[in-house]
Amino acid sequence: MARKRILITGAAGFLGSHLCDRFIKEDFHVIAMDNLITGDLRNIEHLFPLENFEFQHHDVSKFVHVAGQLDYILHFASPASPIDYLKIPIQTLKVGSLGIHNLLGLAKDKKARILIASTSEVYGDPNVNPQPEEYWGNVNPVGPRGVYDEAKRFQEAITMAYHTFHGVETRIVRIFNTYGPRMRLNDGRVLPAFIGQAIRGEDLTVFGDGSQTRAFCYVDDLIEGIYRLLFSDYAYPVNIGNPDEITIREFGEEIIKLTGTSQKLITKPLPTDDPKQRRPDITKAKELLGWEPKVSRSEGLKITYEYFKSLPPDLLEKVEHKDFSTYNK
Ligand code: UDP
């Protein structure tokens with residue numbers, strides 16, 4: 001039987017590259033697409049020799065053409081860390097609006113099923129904890145995170161419209177904080193920031209008083225959840241994340257213990273609109289997909305630390321944190 005063909009956008013990124021691996025393992029023909037603004041070909045170079053893998057260097061905000069049959073599309077192209085979307089706000093808005101419009105058009109034309117990567121950022125700085133899918137969120141459209149949050153919210157809206165109006169088969173995953181190998185060490189996110197600082201022998205920078213919470217999911221668990229959602233028959237958004245919530249200060253202490261660094265936690269200003277709490281309600285994923293995370297934070301962090309330690313020195317460089325508090329001033 002001919003292989004099923006899947007287009008993965010953002011394929012050279014952290015999550016996109018793990019999805020490429022998974023679908024290659026499941027014997028799909030993978031068409032990987034990326035404009036390489038934040039992605040890195042090193043994440044997928046091991047797949048280039050395979051006959052069922054092809055790469056297209058393309059920006060999905062421009063018309064997307066794929067020759068021949070297409071069965072599935074996974075839309076994972078987007079800058080995804082606060083530092084990135086401050087640096088490239090317009091591209092962030094374009095990929096979540098023009099990009100998804102192109103891909104939904106492609107899905108309709110090819111009669112392909114499309115799954116889009118949404119985010120816990122659609123909940124903004126949430127007033128309810130944990131966040132169920134029914135919560136509509138608390139988002140500041142004109143703050144530093146607005147370009148990402150509103151693009152992702154628009155992306156969900158246009159995806160549902162293509163589903164109800166054009167009958168396109170759509171799936172929406174709301175991804176909570178995820179970590180693991182191939183995360184960019186300089187993307188400014190808390191986990192690579194802390195591990196990078198520990199490796200370089202610098203103090204760990206906690207923003208604000210560190211009482212804000214997050215819940216971190218190991219990448220293999222996330223990929224399994226996405227895989228199950230794609231093959232489910234549920235078109236509404238589903239949260240995928242690990243509900244094991246922790247304060248950022250406690251998280252910093254865990255990284256100090258894990259890395260054995262003699263450095264300490266120091267405080268920096270809290271970025272504008274930084275969510276105070278975040279934790280997924282995963283009741284839906286459990287009931288609909290029979291999914292829940294399996295990898296504990298201590299196991300996942302060990303694997304991730306080993307990965308970061310093995311990187312070449314040019315990837316371990318320090319990144320200056322942009323001061324979000326001066327945004328719009
Ligand atoms: N954070 C921190 N120190 C850093 C980077 C981030 O204390 O060097 C905090 C940040 O303010 C936020 C949390 O860690 O409260 C998670 O930040 P991240 O950028 O990883 O993602 P977010 O969940 O905010 O999108």
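Just so you know, these numbers come straight off a predicted model, no measurement behind them. Positions are given from 1, in the same order as the sequence printed here. Both ligands and their constituent atoms are indexed starting at 1 by order of listing.
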Next on the checklist: Check this for me: H58, atom NE2, are more than 12 non-hydrogen atoms of other residues, nucleotides or ligands nearer than 6.0 Å?
Outcome noted: yes
Checklist entry - So, N129 and E245: side-chain donor and acceptor under 3.5 Å apart, yes or no? => result yes
Item to check | Between Y135 and N239, a side-chain donor and acceptor under 3.5 Å | outcome: no
Checklist entry - Taking the six-membered ring for Trp, are Y72 and F231 ring centroids under 6.0 Å apart? => result yes
Checklist entry - Mind checking whether Q197 has a heavy atom under 4.0 Å from ligand 1? => result no
Next on the checklist: Show me which atoms of ligand 1 lie under 4.0 Å from any heavy atom of R278.
Outcome noted: 22 (P), 23 (O), 25 (O)
Next on the checklist: I need the single residue from R3, R22, K4 that forms a salt bridge (Lys or Arg N to Asp or Glu O under 4.0 Å) with D27. Which is it?
Outcome noted: R3
Next on the checklist: Ring centroids only, cut at 6.0 angstrom: are F23 and Y227 within range, meaning strictly under it?
Outcome noted: yes
Checklist outcome for this item: Quick note on ligand 1: atoms under 4.0 Å from a heavy atom of A193 include exactly 8 (O)
Checklist outcome for this item: Restricting to heavy atoms, the pick from R189, R249, K268, Q212 nearest atom 19 (O) of ligand 1 would be R189
Checklist entry - Given R145, R214, K276, which one has a non-hydrogen atom that is nearest to atom 25 (O) of ligand 1? => result R145
Next on the checklist: Would E121 count as a contact residue for ligand 1, given that I'm defining contact as a non-hydrogen atom of the residue lying under 4.0 Å from a ligand atom?
Outcome noted: yes
Next on the checklist: If the contact criterion is a heavy-atom separation under 4.0 Å, does S81 count as touching ligand 1?
Outcome noted: no
Checklist entry - Would you call R184 and D84 a side-chain contact if the rule is heavy atoms closer than 4.5 Å? => result yes
Checklist entry - For ligand 1, which atoms, with element, lie under 4.0 Å from some heavy atom of D274? => result 10 (C), 11 (O), 12 (C), 15 (O)
Checklist entry - Should you measure from each heavy atom of V206, which atoms of ligand 1 turn up under 4.0 Å away? => result 7 (O)
Next on the checklist: Among F207, Y85, Y179, which one puts a heavy atom closest to atom 7 (O) of ligand 1?
Outcome noted: F207
Checklist outcome for this item: Scanning both residues in full, the closest heavy-atom pair of R214 with N177 reads CD-OD1, 3.7 Å
Item to check | Contacting atoms of ligand 1, where contact means under 4.0 angstrom from a heavy atom of G188 | outcome: 5 (C)
Checklist entry - I248 to ligand 1: N or O pair under 3.5 Å? => result no
Checklist entry - Got the closest protein heavy atom to atom 18 (P) of ligand 1, with its distance? => result V190 N, 3.8 Å
